[in-house]
Amino acid sequence: MSDARYMALALQLARRGLYTTDPNPRVGCVLVNDGDIVGQGWHERVGEPHAERHALAQAGERARGATAYVTLEPCSHHGRTPPCAEGLIEAGVTRVVAAMEDPNPQVSGRGLAKLQAAGIEIHRGLMRAEAEALNPGFIQRMRCGRPYVRCKLAMSLDGRTAMAAGESRWITAAQARADVHRLRARSSAVVTGIGTVMSDDPSLNARVAGLAGDALKQPLRVVLDSHLSMPATAKMLTLPGETLVVTTVGGSDAAEPLIKAGAEVVCLPAKAGKVDLTALLERLARREINEVLVEAGAELAGGFLRAGLLDELIVYLAPHIMGDQARGLFHLPGLDSMDQRIALDIEEIRAVGKDWRITARPLERSV
């Protein structure tokens with residue numbers, strides 16, 4: 001079995017932590033000795049042993065003389081757990097193949113340097129793109145100081161998201177809605193606007209078959225509410241998980257009922273009368289938020305797109321027509337000519353039940 005096949009297995013293991021490692025990265029490790037897999041593991045939950053430690057525990061003495069395949073550079077510093085680089089050295093591993101270096105500029109390369117100084121053979125960069133795709137939010141937060149932002153939208157074949165009166169349940173079928181819950185589950189935070197709260201009273205929690213309770217950490221629910229008009233009776237405030245209400249009104253008495261209902265209320269700068277979205281993402285990054293899922297109406301979705309803050313669009317396309325009086329995907333005033341169009345790179349189109357899921361990236365972004 002080649003290096004690439006062992007690394008592919010390590011990546012497969014890392015994916016098992018897709019819903020549980022936040023805010024840590026998803027990491028997998030495979031230990032191979034004389035052609036035999038002697039240990040494997042993945043980072044299962046924040047605060048618990050890293051992938052390398054799980055693999056070493058499984059391998060025991062068979063780790064001596066082994067090659068370790070890891071999807072991310074082994075850590076070299078004491079955090080919630082002891083350094084994995086030291087564990088590999090103590091176990092007698094003689095070769096380490098890492099898909100990528102730690103994206104944190106303060107520690108990048110130090111783990112591999114420590115291993116190399118101990119006489120361990122080092123290889124880096126194998127299947128780097130696949131490893132980076134596992135942790136887009138962690139990587140972007142470390143490199144750029146802001147989370148990775150996805151925007152989820154559902155539309156009819158003629159590009160409509162709701163009827164003129166606001167009715168929107170349900171545009172897509174059950175399989176697509178289940179797919180959205182998986183997107184929420186992998187996200188650190190779900191962001192919406194006060195308009196969506198007032199019209200739909202959404203839960204914005206993640207419900208994934210086979211995962212419940214402690215096995216599924218709920219994303220932080222973030223409501224942008226410039227004038228602090230959110231009712232304290234909102235459904236999301238009665239559900240497990242945290243709700244953050246972001247306003248531009250400081251010192252308002254309107255915050256008290258929300259705080260008593262369990263919400264956290266923060267005031268951020270305004271931009272054009274709305275919450276400054278760049279300031280919002282910077283604040284979320286300081287809270288170790290890696291991946292943000294925007295589930296909002298046309299105005300807020302358009303605001304993120306205009307600001308160049310969307311890294312990825314996920315559009316569910318339903319096979320029906322809603323008519324030209326229904327509401328569109330984005331509110332984008334000022335697009336008057338063809339040369340003002342916002343260009344997208346479509347990465348994937350696939351069926352989800354009766355609907356289609358389109359994954360695209362804006363070609364012009366702030367990062």
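Residue numbers run from 1 in the order of the sequence given.
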More than 12 heavy atoms of other residues, nucleotides or ligands under 6.0 Å from CD of Glu242: is that the case? no
Among Pro219, Ser187, Ser188, Pro23, find the one that has a side chain to side chain contact (heavy atoms under 4.5 Å, CB included) with Ile289. Ser188
Would Leu344 end up clustered with Leu157 when hydrophobic side chains under 4.5 Å apart are linked, directly or stepwise? yes
Do Leu277 and Leu220 sit in one hydrophobic cluster, given that two such residues count as connected whenever their side-chain heavy atoms are within less than 4.5 Å of each other, even indirectly? yes
pair Arg141-Glu288: side-chain heavy atoms closer than 4.5 Å: yes
Any side-chain heavy-atom pair from Val38 and Gln58 closer than 4.5 angstrom? no
Can you find a heavy atom in the side chain of Glu295 that is under 4.5 Å from one in the side chain of Val180? yes
Assess the side chains of Thr243 and Arg221: does a donor N or O sit below 3.5 Å from an acceptor N or O? yes
Is it true that atom NZ of Lys271 has more than 12 heavy atoms of other residues, nucleotides or ligands lying nearer than 6.0 Å? no
Got more than 12 heavy atoms from elsewhere within 6.0 Å of CG, Asp345? yes
Over 12 non-hydrogen atoms of neighbours within 6.0 angstrom of CD in Glu44: yes
Take atom NZ of Lys235 as the centre, draw a 6.0 Å sphere, and report whether it contains more than 12 heavy atoms from other residues, nucleotides or ligands. yes
Heavy-atom closest contact (Met155 atom, Thr161 atom, distance): CB-CG2, 4.4 Å
Gly328 and Ala298: which non-hydrogen atoms are nearest, and at how many Å? O-CB, 3.7 Å
State whether the number of non-hydrogen atoms from other residues, nucleotides or ligands found under 6.0 Å of Glu61 atom CD is greater than 12. no
